[in-house]
There are 2 protein chains.
Amino acid sequence: MAEGGSAQSGESLLFLTDEQLRKGIEAMFFAYRGFTADPDRILENYSYGRAHHRAIHFIHRSPGTTVNNLMSILGVTKQSLNRVLRTLIEDGLVESRVGPRDKRERHLYLTEAGATLEQELSDAQRARMRAAYRAAGPEAVAGFRQVLEAMMDPEQRRHYAALKDAGS
Amino acid sequence: MAEGGSAQSGESLLFLTDEQLRKGIEAMFFAYRGFTADPDRILENYSYGRAHHRAIHFIHRSPGTTVNNLMSILGVTKQSLNRVLRTLIEDGLVESRVGPRDKRERHLYLTEAGATLEQELSDAQRARMRAAYRAAGPEAVAGFRQVLEAMMDPEQRRHYAALKDAGS
DNA sequence: GATTTTATGTCAGCCTTGTTGACTTTCCAA
DNA sequence: TTGGAAAGTCAACAAGGCTGACATAAAATC
């Protein structure tokens with residue numbers, strides 16, 4: 001399928017060819033493997049999986065978040081999430097407190113042990129990210145983030161943006 | 001913390017802060033969901049999964065590839081790959097030919113039906129990629145690719161590069 | 001020619017992590 | 001007060017990873 005459409009008024013649209021798009025697709029595939037490789041290795045030692053990592057990450061980012069909210073951020077069913085949370089709670093990495101206002105809700109927090117594992121995982125993941133950022137340079141990083149953001153579904157982008165400024 | 005992602009004279013390293021790295025990590029997470037969303041929807045109609053998509057993609061990219069080669073590109077075991085290939089062959093989407101030189105090898109090709117599904121899947125995935133590329137612009141796309149490439153493990157980068165120029 | 005290595009396929013069984021369905025508890029509104 | 005919705009839990013199933021063991025055929029080596 002050719003690109004066609006708009007005229008090339010000065011600005012070349014060569015970066016929109018199927019060939020370029022395919023390269024981008026394959027880059028995403030291979031890069032995502034690298035992206036998860038380091039945490040995956042660490043998680044093996046604890047017999048946890050990626051799902052545990054994701055839960056830990058976002059509980060760390062939004063302490064006190066509810067199961068419902070976490071569900072919608074992670075894009076999994078509450079049953080999937082519940083299984084992961086149950087093991088994390090049993091193992092003393094996550095604490096679940098009954099909601100003060102609405103007792104149906106459970107508010108989630110990392111324990112000290114949970115925060116320690118979170119640190120170990122994110123240190124590893126950031127190290128790779130840092131190396132990649134440094135190798136590519138600040139302009140490339142800005143472009144990287146722009147394209148990724150444009151690739152998200154609107155709902156994902158909402159979640160992303162909601163987290164975006166939380167720590168500033 | 002201020003946002004400015006652009007480079008400052010004197011080589012500011014603000015783009016390497018933990019905060020910036022964390023945003024990149026979350027962007028990867030949310031973007032990857034968007035990246036796979038459209039093909040996933042299509043695959044449901046055929047009761048296939050992402051594993052089938054990956055196999056189909058790389059067989060399309062490298063017609064005649066062997067099982068062994070595909071295994072190493074996809075980074076899965078032969079048992080995992082075999083399960084997927086078996087169903088694709090049974091369903092007439094993939095053809096497996098005994099190697100002409102080395103008769104131990106099986107060379108994999110898409111059938112016409114396989115090529116049709118490949119087209120449907122990659123059209124959907126490219127459409128999203130094209131929209132993201134167009135929204136972000138050529139400079140951003142260049143940066144996007146640079147960072148992703150830097151994020152890969154060396155072996156993944158080898159595979160990526162080997163595919164890179166094949167179709168040009 | 002005999003032996004070893006390589007490429008592939010298959011069976012069995014396990015794990016993680018998705019899913020749906022059924023259920024309880026809690027809250028809220030008619 | 002009663003019925004529905006919302007939050008969370010339990011049970012069972014499926015996809016797709018994994019390992020291990022074993023079979024076959026062909027290639028490579030001794």
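Throughout, protein chains are lettered first and strands after them, A, B, ... in sequence-line order, and every chain is numbered starting at 1. The figures that follow rest on heavy atoms only: side chains count, while hydrogens, waters and symmetry mates do not.
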How close or far is atom P of C:dA12 from atom CZ of B:R86, stated in whole angstroms? 11 Å
Any ion pair linking B:D153 and A:R128 (charged N to carboxylate O, less than 4.0 Å)? yes
Do A:D18 and B:R126 make a side-chain contact, defined as non-hydrogen atoms from C-beta onward lying under 4.5 Å apart? yes
Taking only the side-chain nitrogens and oxygens of A:H52, find out if one of them lies under 4.0 Å from OP1 or OP2 of C:dT16. no
Taking the six-membered ring for Trp and the single ring otherwise, decide whether the centroids of A:F58 and B:F29 are under 6.0 Å apart. yes
Side-chain N or O of B:R33 closer than 4.0 Å to phosphate OP1/OP2 of C:dG18: no
If I take atom CG in residue A:N82 and atom P in nucleotide C:dG18, what distance separates them, rounded to the nearest angstrom? 13 Å
Under 4.0 Å between a side-chain N/O of A:R101 and OP1 or OP2 of D:dA7, yes or no? no
With respect to the phosphate group of D:dA6, does any side-chain polar atom (N or O) of A:N68 fall under 4.0 Å of OP1 or OP2? no
Within the sub-3.5 Å range, which N or O atoms of nucleotides 19-25 of chain D have a protein N or O partner, and how far apart are they?
| residue | atom | partner | partner atom | Å |
| --- | --- | --- | --- | --- |
| D:dG20 | O6 | B:Q79 | NE2 | 3.0 |

Considering only heavy atoms from C-beta outward, does the side chain of A:S122 approach that of B:R22 to under 4.5 Å? no
So, using side chain to side chain donor-acceptor pair (under 3.5 Å) as the criterion, who are the partners of B:T65 when residues are at least two apart? B:N69
Under 3.5 Å donor-acceptor pair, B:R83 side-chain atoms to D:dG17 base atoms: yes
